[in-house]
Structure formats: structure tokens, C-alpha cells
2 protein chains.
Amino acid sequence: MTRDTRSALLDLAERIARSRGFDGFSYADLAEAIGIRTASVHYHFPTKAKLSEALIERYQTSLQNGLAEIEAAHASAGERLKALIALYRGALHDGQTVCLCVAFSTCRESLSDTVIARVGAVRAMVLQWIAETFELGHRDGSVSAIGDPSDEAPATLAMLEGAHLAARTEEDPAVFDAATRLLLARCQ
Amino acid sequence: MTRDTRSALLDLAERIARSRGFDGFSYADLAEAIGIRTASVHYHFPTKAKLSEALIERYQTSLQNGLAEIEAAHASAGERLKALIALYRGALHDGQTVCLCVAFSTCRESLSDTVIARVGAVRAMVLQWIAETFELGHRDGSVSAIGDPSDEAPATLAMLEGAHLAARTEEDPAVFDAATRLLLARCQ
DNA sequence: GTCTATAGAGAGATAGAC
DNA sequence: GTCTATCTCTCTATAGAC
């Protein structure tokens, strides 16, 4: 059952990290919720630093798959951007959790340079995807009022992450909806 | 010198909180930097909760003044929005500090409901100001491509806060500049 | 207002038995 | 893989002297 315990720990740690931050839980919290002792948690993840690396690596893969699925499911830029907004909206879970990049950004000092670099890599990946989508939008006309895609991408990602942050603070997904309404309206 | 010590503590605590988060410093850190003992810090702020309240209250006043100064200095909506972007850009301090709302949003669990409510009040204040500015832009024509001001405002604030977060993670103000370029270009 | 001294809790982590 | 037991460190906070 090693695999199961490890997966369960990762699932739980990700959920709490995205809800309360990486400093917002201890090995004691994980142990109690899973039903083992802290020493056993250390068996799976010798240090909290190792745990943070495992979390961000798994998250990158997961997000990469999410973006690929959107591309597979939607042909137009407008539909893809709508799906991206829906992806972030879903990641909110009733205003209780933000995306892991936002959560880790806010706990910068507790994380290793390796992990922070990986957060940057995840952001770069999403930025690239958004920029390409806006470029497609330029060609297929499914997004209105497009500026330079290399300007639209960072503005869009910042808006999505900022919307996550505010919605989490208020514990209200409607805050996210308000922030994304304008972009949504630009998508056909 | 009570007033001086208290002010020095507030200044220091705000700087660290905006850099490392509210959980990112201890009374021992404050004491060492100021040159007193932790017990003396407790004299000025009996609990960390009291300190957090003092921080957000002072911050609200400060931000309110900042917005008022922008209104006094600039007549057009475009100029005012440009000044708002500059205000947030200045608050970055070379990518080392985010605005206190962002910092406190990310330490949600460590803060009292009172403080979280105050963070919401600060955001509401800025939202109101931005919405009014976009309304002015509608009338004076100094901002291009304006959607519904009540949609522009939350999108703009989310973008500014998200840009702060990403720039802080990368420790690079250029990340903020990239995210705000599009809005800046809309301002005459 | 600042100090010494200390309480009390919780954190991350390890050794070694089973 | 999980356990008991324990270490060391840091944190917030308080009592009481000066």
C-alpha cells in the first residue's frame, strides 16, 4: 500500500497547500488525517522540501494535461480561452483553494530555489499557451479586440491568478466571475 | 520615544509582511532588527493579531491618501489609471514586496476575521475608485475600448494584484510591466 | 518602556524496534 | 512501512524586576 499512502499524502498536501499555503500544514496534520504517525510521513517524504518538489512536479504535469485536453476539445481560440477560464474557475473549489502557483508564490521564503524555479516554469508554460491561443484568435477571429498576443498573455495570466487570490480571500467564487467577465465576453 | 519605537515596528513589520508574508517573521525578528527584546515588542503590540490589525488599518489610510493624491494630480481617467499602475509598480520595490492585501490574502488562516474583513474593505475601496475612473474615461474619452466599468474594475484590480504576485515570485518588476502593458497602452 | 527569565505549544526531523 | 520515543529549535506570550 506504499503507493496508496504516498498518493494520499500528495493529494492531501496539495489540497491544504492550495487552501492554507505551504506553511499552513504540518506533518502532524497530514499524519492525523491519513491515520498514520509523523515518522511514517517522513518515510515517504524525508523533508518538507522534498514534499514541495513532488507537489509542484505533479502539478505541472497535471496542468500540462489540462491544457492539452482543452486543445483537443476545442478548435477555436475563443472556445479555448473560455475553457481556460473554466479550468481556473474549477480549481477554486467554492473559493477554498487557489492554483498551486499562487499558493507557492505566497510562501516564497519557505520554498527552495528549485521549487520557485519550477513555479516559474509552470507560469511560462501557461503564458506560452495563452499567447499561442491569442495568436490563433487573431487568425480565426473568435476573440475580439486583441492586442499584441505577447501583451495579452501576461495580462490574462495575472488576471486569472489575481482573481483566484481575491476569490479565496472572500471565499466567494463570484469574485472570480466578476474579474473574468470581461475576457469571457470577448470570446465567441 | 514610545511613538518612534511603535512606528519603527510598524514600518518594519509591514515591510517584512509584504515581502515574506505575515507568517514570515516573528517577534524575535522584529526585536533583533529594532534592537530591543521580544518582551518589549509585546508591550507595543500585545499579540500578533493586534499587530496585524494595526498594519491593515494604517495601510488602508495610506492607500486612500494615495488614490486621493492621484485624483488631485491628474484630471483625465487615462492619466489617473496610468498613475494607479505607477502606484502599484512603486509598491513592488524591485520585486521584493507586494501590496499588503496580496500579502494578507495569502496568509488567510493566520489572520482574524476582522483583519480579513478589512482586507475586503480595502479591495472594495480600490474597486470603487477604479470603476469611477473607467466611468470618467467613458465621458472624457481618455481610455480606449472600455467595457462595462463594473466589469473593468474587478478585472483591472485582479490583474494588478496578480502582476504583483508573479513579479514577486520572479523577483523581477519586468514581469509586472509585461502584465500591465496592455492597460497602459489603452490610456491616453 | 525595556529588561531577564521562562512557560507552553508546536514545528521538522531522526534512531531504532517491529 | 509503520511504530514509539525523543531531540532540537522556534514560536507566541507572560510575570515581574528595574
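Values reported hereafter were calculated over all heavy atoms of this structure, with side chains retained and with hydrogens, waters and symmetry mates removed. Below, chain A is the first sequence line, B the second, and so on; all start at residue 1. A quick note: this is a predicted structure, and the numbers were derived from the prediction, not measured.
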Reckon A:T38 has a side-chain N or O less than 4.0 Å from the OP1 or OP2 of C:dG12?
no

Salt-bridge criterion met for B:E53 and B:R118 (N-O under 4.0 Å):
no

What integer distance in Å separates B:H42:NE2 from D:dC11:P?
11 Å

Rounded distance (Å) that lies between atom P of D:dC11 and atom CZ of B:F22:
14 Å

Salt bridge (Lys or Arg N to Asp or Glu O under 4.0 Å) partners for B:D11, two or more places apart
B:R58

Looking only at D:dT4, D:dT2, C:dT2, the nucleotide nearest the A:R37 side chain is D:dT4

Are any of the side-chain heavy atoms of B:H93 and B:P173 separated by less than 4.5 Å?
no

Run the numbers on B:Q60 and B:Q64 for side chain to side chain donor-acceptor pair (under 3.5 Å), then give the verdict.
CA-CA 6 Å; B:Q60 181 168 28; B:Q64 204 161 24; 5.6 Å; no

Among the candidates C:dT2, D:dA15, D:dA13, find the nucleotide nearest to the side-chain atoms of B:A39.
D:dA15

Does A:E109 CD have over 12 foreign heavy atoms under 6.0 Å away?
yes

Please report the distance, rounded to the nearest Å, between OH in A:Y43 and C1' in C:dA15.
16 Å

Within a strict 4.5 Å, meaning less than it, do heavy atoms of the B:I70 and B:W129 side chains meet?
yes

In short, ring-ring contact (aromatic ring centres under 6.0 Å, His included) pairs touching residues 150-188 of chain A with sequence neighbours left out are A:Y88-A:H164, A:H164-A:F176

When the distance from CG of A:L51 to P of C:dA13 is rounded to whole Å, what number comes out?
10 Å

Which whole-number value in Å describes the distance from B:D23 CG to D:dT12 C1'?
12 Å

Kindly point out which of C:dG12, D:dA13, D:dC3 is positioned nearest to the side chain of A:S26?
C:dG12

How close or far is atom C1' of D:dA13 from atom CG of B:D29, stated in whole angstroms?
16 Å

Near DNA chain C, under 4.0 Å by heavy atom, which residues of residues 105-117 of chain B?
none

Length of the line joining B:F45:CZ and D:dC11:P, which is rounded to integer Å
19 Å

Among C:dG12, D:dC3, D:dA13, which is the nearest nucleotide to the side chain of B:K48?
D:dA13

Closest to the B:S40 side chain, choosing from D:dC3, D:dC11, C:dC3
C:dC3

Of all the choices, D:dC3, C:dG12, C:dA11, which nucleotide is nearest to the side chain of A:Y27 once you look at every atom?
C:dG12

Length of the line joining A:R20:CZ and C:dG10:P, which is rounded to integer Å
15 Å

